[in-house]
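Every chain is numbered from 1 and lettered A, B, ... according to where its sequence line falls, protein lines coming before strand lines.
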Protein chains: 2
Amino acid sequence: MTRPTIHDVARAAGVSLSTVDRVLNDRVGVRHATQIRVAQAMRELGFERNAAAANLARRRQDRLLFILPAGSNSFMRGLERELAQRSEAWEFTSIAVQVVPAFDDVALARTLQAVDPGATDGVAVVATDSPVVRAALAELRERGVAVVTLVSDLPSSRRQHFVGIDNVQAGRTAASLLGRFCRGRSGKIVIVAGSMLVRDHAERRLGFEQVLRAEFPDQQILPPLEGRDDRDIVEAELDRVLRQQPDVTGIYSLGAGTRGVARALAGHAAGAPRPSVVVHDLTPHSRQALLDGSFDAVIHQDPVREISAAVSLLQSLVRGQPVDPDAGRIGIEVFLRDNLP
Amino acid sequence: MTRPTIHDVARAAGVSLSTVDRVLNDRVGVRHATQIRVAQAMRELGFERNAAAANLARRRQDRLLFILPAGSNSFMRGLERELAQRSEAWEFTSIAVQVVPAFDDVALARTLQAVDPGATDGVAVVATDSPVVRAALAELRERGVAVVTLVSDLPSSRRQHFVGIDNVQAGRTAASLLGRFCRGRSGKIVIVAGSMLVRDHAERRLGFEQVLRAEFPDQQILPPLEGRDDRDIVEAELDRVLRQQPDVTGIYSLGAGTRGVARALAGHAAGAPRPSVVVHDLTPHSRQALLDGSFDAVIHQDPVREISAAVSLLQSLVRGQPVDPDAGRIGIEVFLRDNLP
DNA sequence: ATGAAAGCGCTAACAG
DNA sequence: CTGTTAGCGCTTTCAT
């Protein structure tokens with residue numbers, strides 16, 4: 001009636017608890033024959049291991065480290081806050097956070113090199129795309145530390161997984177929204193990026209241009225602004241463009257610095273219909289802008305899911321458990337004024 | 001260094017384990033003075049209970065029952081599948097599913113009355129809005145069973161919580177998408193519902209009409225079709241309307257029966273630009289329609305989140321633990337062709 | 001290669 | 001009111 005335990009399995013297979021434990025955890029030192037017999041018994045009884053009991057007995061903490069870029073980027077601060085708040089929520093796991101200068105590959109590489117493999121089992125890192133980072137990451141793996149990239153990927157590096165949204169798809173989604181919102185008014189589209197040094201921005205741009213070119217050919221895409229995710233730079237640059245180009249119909253802000261977009265827009269409220277605006281990441285500011293009608297849509301990645309996917313992925317990696325190849329894929333969320341959470 | 005346990009708390013407070021356990025679980029039989037002393041010690045040591053150990057020792061199964069409407073409704077079948085698959089995923093919880101005729105308040109009430117309080121601790125039910133259901137639900141509560149509504153709410157009944165999306169907001173979201181997609185082509189908008197007997201459909205319609213009337217006044221809303229979430233009825237009804245009304249610019253399908261919408265549309269492919277279409281719930285069919293361009297957007301509620309929110313809410317309710325008042329609120333997701341998961 | 005025994009942190013009788 | 005004791009299901013030495 002009640003769920004079978006290893007005791008039941010042991011009895012059924014005519015072996016001791018330890019032996020059952022050995023085959024349950026693929027440990028060495030079991031004759032093939034007994035191996036089979038135990039596995040058989042498990043199957044017959046429909047045994048399922050009680051993870052709570054296992055963790056309790058194991059009494060081991062996985063030590064994870066998150067490396068995030070510094071700066072006023074609301075999204076990254078949100079991740080950091082989430083990590084701090086919920087760091088007690090994962091049983092048998094301790095979480096540390098380290099902040100490094102944004103868009104600075106050398107600093108990131110140095111941080112990666114400084115990770116102590118004796119005190120860290122796994123690392124999640126928001127990657128900057130550069131050879132020194134790749135090298136540091138490979139070295140870290142060699143020293144036995146599990147590594148996943150977070151938010152911005154580094155494909156063909158030695159990271160074991162990526163946790164985040166598909167950024168090409170995100171860009172495509174932005175284009176298909178912005179394109180329809182601008183329909184009937186052909187003109188110029190401005191892309192506001194942070195830096196093409198980070199993969200996520202480059203990928204979003206790619207996806208955006210793919211779809212916009214193919215499906216909304218009457219819109220002309222201007223060369224992207226690089227605002228370094230800094231609201232003041234973004235504001236200044238965007239203001240300049242809006243001043244020079246009278247017929248901007250849409251703006252896609254694919255990085256942070258969203259407050260700069262809002263402010264530049266506010267400075268041009270007069271006269272012509274305001275451009276349609278799609279930005280990334282729901283923050284207090286983008287939410288406000290959605291509510292007051294200055295932005296049309298927000299493409300979002302949920303920090304809560306992102307963190308918990310990263311943690312459980314790293315846990316599996318560290319514990320040597322099998323990992324679903326597309327665990328780590330977070331959904332792309334779309335928010336309009338009316339479905340704000 | 002290591003996390004403090006009740007042993008540490010007991011020692012620090014100069015009491016036994018049982019006493020610590022008593023204050024930890026708000027059990028009766030502790031003098032106020034000791035109460036304070038123990039609480040004090042916990043705070044000072046930064047004690048946090050180890051839930052795994054607690055569950056292990058408690059060795060109690062919460063028995064939950066999910067009551068879902070029958071029929072070919074893909075969304076409901078999805079919930080059912082999810083429940084079956086993950087029913088082993090919740091520790092210390094057993095889950096049963098019961099299917100009842102759709103849109104049939106009497107049958108639902110009967111099922112509710114037949115629930116055995118001796119074998120069921122909590123119930124999650126997709127409610128049909130009707131007095132007999134309310135009564136049956138109240139009776140169930142009186143017999144000591146925890147009750148939450150799922151997907152479709154029954155406000156001002158005795159259910160303790162609702163788990164699902166905000167359906168008024170969902171309708172508003174649909175309107176703000178469909179309105180923009182149809183901009184420039186004023187004409188008629190068709191709403192395809194299942195039945196106004198279920199609250200979720202009524203609420204979606206309400207939200208939809210609010211926004212469409214206010215923000216897109218050049219669109220005319222036709223009286224809603226009631227397709228009873230049946231693809232054949234939906235197809236026939238919609239086909240009739242499309243035949244009679246040549247200038248339909250948009251369709252909002254707020255219930256199930258989405259395949260009927262796709263088929264009716266296919267029958268009218270010829271000539272005029274096809275209407276913009278927004279439907280509910282991502283299913284294999286709506287996904288296909290999004291991909292081949294016959295639907296524009298899908299408003300979705302994630303069955304996985306829905307189930308896990310319902311389970312953990314019921315668990316808390318059953319165990320007498322405090323419940324966050326808006327646990328149970330699931331986000332409204334928007335899918336376009338480009339951000340399909 | 002296999003087994004016995006001692007916990008992990010907490011709860012649940014049962015005694016005082 | 002408070003304390004003692006025996007587990008929950010599994011892992012982990014340490015013997016054999």
Side-chain angles (χ1 to χ4, degrees), chain A residues 1-39 41-42 45-62 88 90-94 315 318-321, chain B residues 1-39 41-42 45-62 88 90-94 315 318-321:
Chain A
M1 198 62 258
T2 168
R3 244 166 73 158
T5 74
I6 51 172
H7 286 90
D8 305 318
V9 176
R11 196 164 342 100
V15 298
S16 76
L17 291 189
S18 332
T19 302
V20 176
D21 177 75
R22 289 187 182 101
V23 343
L24 188 57
N25 295 289
D26 300 308
R27 286 188 240 278
V28 293
V30 185
R31 232 180 340 184
H32 192 66
T34 13
Q35 170 96 276
I36 301 285
R37 204 142 41 84
V38 174
M42 293 208 215
L45 297 182
F47 171 84
E48 292 176 78
R49 130 215 256 122
N50 180 324
N55 283 327
L56 180 57
R58 186 163 13 231
R59 187 178 32 147
R60 168 188 199 287
Q61 292 252 109
D62 297 324
E88 308 301 317
W90 286 281
E91 310 245 293
F92 313 104
T93 302
S94 73
Q315 284 175 333
V318 166
R319 293 172 190 169
Q321 291 161 0
Chain B
M1 198 62 257
T2 169
R3 249 167 71 158
T5 74
I6 50 173
H7 285 90
D8 305 318
V9 176
R11 195 163 346 99
V15 297
S16 76
L17 292 189
S18 337
T19 302
V20 175
D21 177 75
R22 289 188 183 101
V23 342
L24 188 56
N25 296 289
D26 301 308
R27 288 188 238 277
V28 294
V30 185
R31 229 182 337 180
H32 191 65
T34 12
Q35 169 96 276
I36 301 285
R37 203 143 42 85
V38 174
M42 291 208 216
L45 298 182
F47 171 82
E48 292 175 77
R49 124 208 267 124
N50 180 324
N55 283 327
L56 180 57
R58 188 164 9 231
R59 190 178 35 150
R60 167 189 200 289
Q61 292 252 107
D62 297 325
E88 307 302 317
W90 285 281
E91 309 245 296
F92 314 105
T93 303
S94 74
Q315 284 174 333
V318 165
R319 294 172 190 169
Q321 292 161 358

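In terms of heavy-atom proximity, B/Gln315 sits nearest to B/Thr93 at NE2-OG1, 2.6 Å. Contact record, B/Leu56 with B/Phe92: N-CZ, 3.9 Å, taken as the closest heavy-atom pair. Between B/Leu24 and B/Phe47, the closest heavy-atom pair is CD1-CE2, 3.8 Å. Here the closest non-hydrogen pair linking A/Arg49 and A/Arg3 is O-NH2, 3.7 Å.
Side-chain to base pairing of A/Ser18 with C/dA4: one donor and one acceptor N or O lie within less than 3.5 Å of each other.
Remark: side-chain polar atoms of B/Arg22 are not paired, donor with acceptor, to backbone N or O of B/Arg27 under 3.5 angstrom. Side-chain N or O atoms of A/Asp21 include none that pairs as donor or acceptor with a backbone N or O of A/Leu17 at under 3.5 Å.
Here A/Thr19 reaches the OP1 or OP2 of C/dG3: one of its side-chain N or O atoms lies under 4.0 Å away. Contact check, B/Arg27 against C/dA12: a side-chain N or O comes under 4.0 Å of OP1 or OP2. The shortest distance between the side-chain N/O atoms of A/Arg31 and the OP1/OP2 oxygens of C/dT2 is below 4.0 Å. For C/dG9, neither phosphate oxygen OP1 nor OP2 lies less than 4.0 angstrom from any side-chain nitrogen or oxygen of B/Thr5.
Within 4.0 Å (heavy atoms only), A/Asp21 reaches at least one base atom of the nucleic acid. Residue-level contact check: B/Asn25 touches the backbone only, with heavy atoms under 4.0 Å from sugar-phosphate atoms and none from bases. Residue-level contact check: A/Phe92 touches neither bases nor backbone, having no heavy atom under 4.0 Å from any strand. As judged by a 4.0 angstrom heavy-atom cut-off over every strand, B/Val15 is placed among residues touching the sugar-phosphate backbone only. When heavy atoms are screened at a 4.0 angstrom cut-off, B/Arg22 is found touching base atoms of the nucleic acid.
Rounding to whole angstrom units, CD of residue B/Glu48 and P of C/dC10 are separated by 11 Å. The distance from atom CG of A/Leu56 to atom P of C/dC10 is 9 Å, rounded to the nearest whole Å. Remark: P of C/dC10 and CG of B/Asn55 are 12 Å apart, rounded to the nearest angstrom.
Along DNA chain D, the nucleotide nearest to B/Leu17 and the one nearest to A/Ala57 differ in position, and the one closer to the 5' end is contacted by B/Leu17.
The side chain of B/Ile6 lies closest to C/dC10, out of C/dC10, C/dT2, C/dC14.
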For this session: Show your reasoning for whether side-chain contact (heavy atoms from CB on, under 4.5 Å) applies to A/Arg37 and A/Thr19.
Result: CA-CA 11 Å; A/Arg37 204 142 41 84; A/Thr19 302; over 6 Å; no
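First and last contacts of DNA chain D with chain A, using any nucleotide atom under 4.0 Å from a protein heavy atom and ordered 5' to 3', fall at D/dG9 to D/dT12.
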